[in-house]
Participant: 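This is the structure I want to talk about, given as structure tokens.
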Amino acid sequence: MIVTTKKLFEAAYGKYAIGAYNINNLEQTVGLFRGNLQSEAPFIIQISKGARAYTDKLFLEGLIRSADEVFPKAIFAVHLDHGDEETCYDCIESGSYSSVMIDASHKDFETNIAITKRVVDAAHAKGIVVEAELGQLGGVEEHVKVDEADAKLTDPKQAKEFVDRTGVDSLAVAIGTSHGAFKFSGSQSLHFDVLAEIQKVLPGFPLVMHGSSSVPQEEVKRINAAGGKLEGAKGVDAGQFKRASELGVTKINIDTDGRLVWTRVHREVFRDQPEVFDLRKPGEIFMQAYADFIAEKNGYLGSEGQLEKVREILSK
Ligand code: G3H
Ligand code: 13P
Ligand code: ZN
């Protein structure tokens, strides 16, 4: 069942965070649904501009509709990740998304507000909800490059003004994470002090944490042992998700970790079974490994076991 992120956030706020996982293909989609049902968790499917352009956006939309039929117990939102204004409108018009992210965080404050407000007006007119971003993460996004050193944390005062003036439904905040597999050169530093300040000025308002892959060291070790070159890869401590959710984070974005599972499975299969050329062999292993990964992640997020409670809330 496709719902808005807003509905999921109402159930989760202050208690746990919903996992927002990126998909690009069939195998990820199947693994994602299996893993969330395995762990009885509501979830968010994210589609980036890059994912839409990988083949044709219609394939992903069709995959999600099929998955909704194949896995009728699943409760999830379909969300555009890091959209620009034009892509937001395209998704709003498509009828396939329940939520869009407008990312104008690289623009100045007033321009970010103006763009976000336009998208909010268009989305709300169709019953679709909007996430926006204020502050800048380190690392690399599709259309924005920000050096870790230049990463700008979200200013709590600006956050309040931004939400009031745009009417946005959730806000991605920069509190020290970054995208990709190389998040911290030294020890990790999530700025819970900044998060607490934001929650103080925006009580009950859903916040979003991007760049939240944990980059499990065991996964990195296995990839490197099978011919990969990911020395120094490092991520966010998943043990900190709980504290983040108590401080108002209701959506936690994870993409890189799923790519690591894919890389590990394929490297090991081809290293250990050099005779294999049936694409379904690594595909089958990946789908189950990804499902297991999702189920484990939902344990850290606290969304594990929440599915029936959410269904009950939705039925009222
Ligand atoms: O934040 C970016 C997401 O990880 C999506 O990555 O733009 O390469 O699909 P992508
Ligand atoms: P990671 O690169 O940490 O998985 O972050 C993904 C993300 O923020 C997608 O929007
Ligand atoms: Zn992101």
Side-chain angles (χ1 to χ4, degrees), residues 5 17-25 28-29 31-32 43-57 59-60 77-84 87-88 91 97 99-106 130-146 148 151-154 170-184 188-190 206-217 219-220 230 232-238 240-241 244 249-264 290 293-294 296-298 300-301:
T5 47
I18 311 278
Y21 302 101
N22 292 66
I23 61 153
N24 295 270
N25 68 8
Q28 276 182 313
T29 308
L32 181 61
F43 62 104
I44 298 166
I45 301 179
Q46 306 207 116
I47 301 177
S48 71
K49 271 179 69 188
R52 282 162 57 88
Y54 174 48
T55 52
D56 186 297
K57 61 193 180 188
F59 283 125
L60 288 179
V78 183
H79 175 77
L80 168 68
D81 190 26
H82 292 287
D84 54 24
T87 311
C88 283
C91 293
Y97 292 73
S99 172
V100 294
M101 175 189 188
I102 172 67
D103 182 0
S105 60
H106 50 293
V130 180
E131 171 186 330
E133 179 168 329
L134 185 65
Q136 283 183 269
L137 276 72
V140 182
E141 288 168 21
E142 271 177 279
H143 59 296
V144 188
K145 276 197 181 156
V146 193
E148 202 171 337
K152 291 192 202 109
L153 301 185
T154 304
S170 62
L171 186 68
V173 291
I175 56 158
T177 61
S178 61
H179 292 105
F182 300 87
K183 296 193 193 298
F184 306 99
Q188 80 153 44
S189 51
L190 288 193
L207 304 173
V208 179
M209 208 163 88
H210 282 245
S212 301
S213 278
S214 308
V215 189
Q217 291 306 297
E219 209 71 85
V220 172
L230 293 178
K234 213 184 262 183
V236 175
D237 175 2
Q240 302 201 323
F241 291 168
V249 171
T250 46
K251 172 172 177 276
I252 291 192
N253 286 14
I254 296 164
D255 182 12
T256 295
D257 281 349
R259 297 179 186 204
L260 294 177
V261 175
W262 183 92
T263 305
R264 182 255 298 169
Y290 192 49
F293 156 78
I294 296 283
E296 189 190 351
K297 200 59 99 176
N298 291 339
Y300 286 105
L301 294 166

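Just so you know, ligand 1 is whichever comes first in the structure, and atom 1 is the first atom listed for that ligand.
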Participant: Could you tell me which atoms of ligand 1, counted from 1 in the order shown, lie closer than 4.0 angstrom to a heavy atom of Asp255?
Facilitator: 3 (C), 4 (O), 5 (C), 6 (O)
Participant: Looking only at protein heavy atoms, which one is nearest to atom 2 (O) of ligand 2, and what is the separation?
Facilitator: Thr256 OG1, 2.6 Å
Participant: Looking only at N, O or S atoms in His179, which is nearest to the Zn ion (ligand 3)?
Facilitator: NE2
Participant: What atoms of ligand 2 come closer than 4.0 angstrom to any heavy atom of Ile254?
Facilitator: 4 (O)
Participant: Are any of the N or O atoms of Asn22 closer than 3.5 Å to those of ligand 1?
Facilitator: no
Participant: List ligand 2 atoms under 4.0 Å from His82, heavy atoms only on the residue side.
Facilitator: 10 (O)
Participant: Counting non-hydrogen protein atoms only, what is the nearest one to atom 9 (C) of ligand 2? Give residue, atom name and distance.
Facilitator: Asp81 OD2, 3.2 Å
Participant: With heavy-atom distances below 4.0 Å as the criterion, list the atoms of ligand 2 near Lys183.
Facilitator: 1 (P), 2 (O), 3 (O)
Participant: State the atoms of ligand 2, each with its element, that fall below the 4.0 Å cut-off from a heavy-atom position in Gly211.
Facilitator: 1 (P), 3 (O), 5 (O), 7 (C), 8 (O)
Participant: Which atom, counting only N, O or S, brings His210 closest to the Zn ion (ligand 3)?
Facilitator: ND1
Participant: If we only count heavy atoms from C-beta on, is the His210 to Asp81 side-chain gap below 4.5 Å?
Facilitator: yes
Participant: Is there a side-chain contact (heavy atoms from CB on, under 4.5 Å) between Leu190 and Thr177? Walk through the geometry before answering.
Facilitator: CA-CA 7 Å; Leu190 288 193; Thr177 61; 3.3 Å; yes
Participant: Side chain or backbone of His82 under 4.0 Å from ligand 1, or both, or neither, by non-hydrogen atoms?
Facilitator: side chain
Participant: With a heavy-atom distance limit of 4.0 Å, tell me whether Arg259 approaches ligand 1 through its side chain, its backbone, both, or neither.
Facilitator: side chain
Participant: Using a 4.0 Å cut-off to any heavy atom of His210, which atoms of ligand 2 qualify?
Facilitator: 8 (O), 10 (O)
Participant: Under 4.0 Å from a heavy atom of Gly180: give me the atoms of ligand 2 that qualify, with their elements.
Facilitator: 2 (O)
Participant: I'd like the name of whichever of Gln46, His179, Lys49 reaches closest to atom 1 (O) of ligand 1 through any heavy atom.
Facilitator: His179
Participant: Is a side-chain donor-acceptor pair under 3.5 Å present for Ser214 with Lys297?
Facilitator: yes
Participant: Can you name the atoms of ligand 2, numbered from 1 with element, that are less than 4.0 Å from a heavy atom of His179?
Facilitator: 2 (O), 5 (O), 6 (C), 7 (C), 8 (O), 10 (O)
Participant: Find all atoms of ligand 1 within a distance of less than 4.0 Å from any non-hydrogen atom belonging to Ser48, and give their numbers and elements.
Facilitator: 5 (C), 7 (O), 9 (O), 10 (P)
